[in-house]
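Single-structure report; data block below.
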Amino acid sequence: MNGAEAVMLEIQTHLRARAGESAIIGPDTNITRDLGLDSLAIMDFIFDLEDSFDISIPMERIAEVQTLADLAKAIEVLQKEAA
Amino acid sequence: MSSIFDKFAPLQEQHASLTALGRSPADIEFQEIISPTEATLNGKRTILMGTNNYLGLTFDDEAVEAAIESLRTEGTGTTGSRIANGSYDGHKELEKELAEFYGMRSAILFSTGYQANLGAIAALAGRDDYLLIDADSHASIYDACRLSDAQVIRFRHNDPQNLARKLERLEGTSGSKLIVVESIYSMLGDMAPLKEFIEIKKKYGAYLLIDEAHSLGVMGEKGRGLCEQTGLEDDVDFITGTFSKSIGTVGGFLVSNLPGLDIVRFVSRPYMFTASPPPSVVASARKTLSKIAGATDLRKKLWDNAGQLYNGLKAAGFELGPTLSPIVAIRLSDSEKAIALWNGLLDAGIYTNLALPPATPFGWYLLRSSISAAHTPEQIALAVDVCSTIGRELGLIAVSNRKNAEEMQVNGAKTLNGASEKRPFSTSEPESAVPTRAGAPVARA
Ligand SMILES: Cc1ncc(COP(=O)(O)O)c(C=O)c1O
């Protein structure tokens, strides 16, 4: 498993905890449209990810994210910047 | 054909469903303002329990007279910005008086509290800087972040550890770090753990700005707010505030003891590109501000009143915010019952604020009231009583809490007829009707 896959797997684990086991979760899943999560739930989900990856995700970065693939990519970039 | 308004369909739906259940908060209009605590709503005399008028000074004779005098001598408006023709003696004097009141070097006056946050935060934190804001921040703070060129990092609400972790990750970066918190949070009335935040700010060499919107006049021996009450004024770098609550008019400010604050006047767009407050507003703000330090009796009355409402509702079995403060919020998870309670109170002649997700923490539905020193014990007793009656009918609180609540009612309110009118709960309410996008600021109202 490469880094990108590991990031996606971790995202999916956190997302299932919030959106439910039955939520259809893939790279193209649109975070605001497809998961039935409101902006508060999404904020908490982002906090989970920050703890889990030990990074801070600035709001401007989140604003550019639409799909889970976008999110995974943003996290990878932030991890590299932090390293 | 598509319309530019199509994207607001979910919001329209929410508004329509609220209207169908009784009224929409956005449609409330008062006709006659009888006093700081009473107005007529569609002809009905209504007790105002959600106006932020903490000290009840909106009809203060001297403040009213000062405004009238100013209107006659200085006119109805300045018709210009602070950096052009909009600075009068009154504006400068008010700034001096604000600085003196806080015992700080300088103060800058803005046209509203919203603009003070926007103007202060966006000016102070520029490119290469970092803004660290509490997740439950007021909309004006979120909007300031959008206006600022700084990187914006949110920390969990009132969570010093989460803030510390985020500052730690920024170690080695060169930009300034500005932490932004509020004294009393406007939705639940909970307060920032200032001491812990200050320890962290010192450890990481960050700056701290606190919005004292809801604590000016309300907390501290002299009414300077949470910083005064906790004895931490020397450790706070910037304070913002508003005249729209305890001061009873409109306007906002930034104060600081740091030398060089005045440069903000040259870089802050919400300061430069809007008209300055009308001289009459400045005149009444000055008059009222001059009374804040000495308003000890009003503050005591305010907290007694807050205690009566908070403890009365708690004894009745309602779930409230975590701490006693002049903002008393009933937390509800059922939208229809929350709306029914809000409507029932209005039918009984009691106005509170209905706050809906996502403008509320944890997706709660909040019936928010802000208490005033001008409320009478009878008004508060009545509110607790009506709330409890409707709450029991709706199954929000247990019937067994009745005795408990009645014992709390030292002033023995009469039961209001009409409060028991049953409301239909048939219209379904969309869960989160406000459109969101990933990363959309979740600003509290
Ligand atoms: C915490 C907080 N900050 C700022 C403001 C804005 O104040 P103003 O009404 O003066 O724009 C408010 C009030 O809405 C507030 O609750």
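All values below come from the heavy atoms of this structure, side chains included, with hydrogens, waters and symmetry mates left out. Chain letters run A, B, ... following the sequence lines, proteins first and then strands; every chain starts at 1. Quick caveat, the model's predicted, so the values are computed rather than measured.
Within the 4.5 angstrom heavy-atom criterion, no atom of B:Tyr130 approaches chain A. With a threshold of 4.5 angstrom between heavy atoms, A:Ile55 approaches chain B through N, CA, C or O but not through any side-chain atom. With a 4.5 angstrom heavy-atom cutoff, A:Asp70 does not touch chain B via any of its atoms.
Remark: A:Glu81 engages A:Arg61 in a salt bridge, criterion side-chain N to carboxylate O under 4.0 Å. Note on B:Arg165 versus A:Asp51: no salt bridge recorded, every NZ/NE/NH1/NH2 to OD/OE distance being 4.0 Å or above.
Shortest non-hydrogen contact noted between B:Asp143 and B:Leu118 is C-CD1, 3.4 Å.
The aromatic ring centroids of B:Tyr114 and B:His138 lie 6.0 Å or more from each other.
Ranked by non-hydrogen atom pairs under 4.5 Å with chain A, the options B:Gln151, B:Lys166, B:Arg156 are led by B:Arg156.
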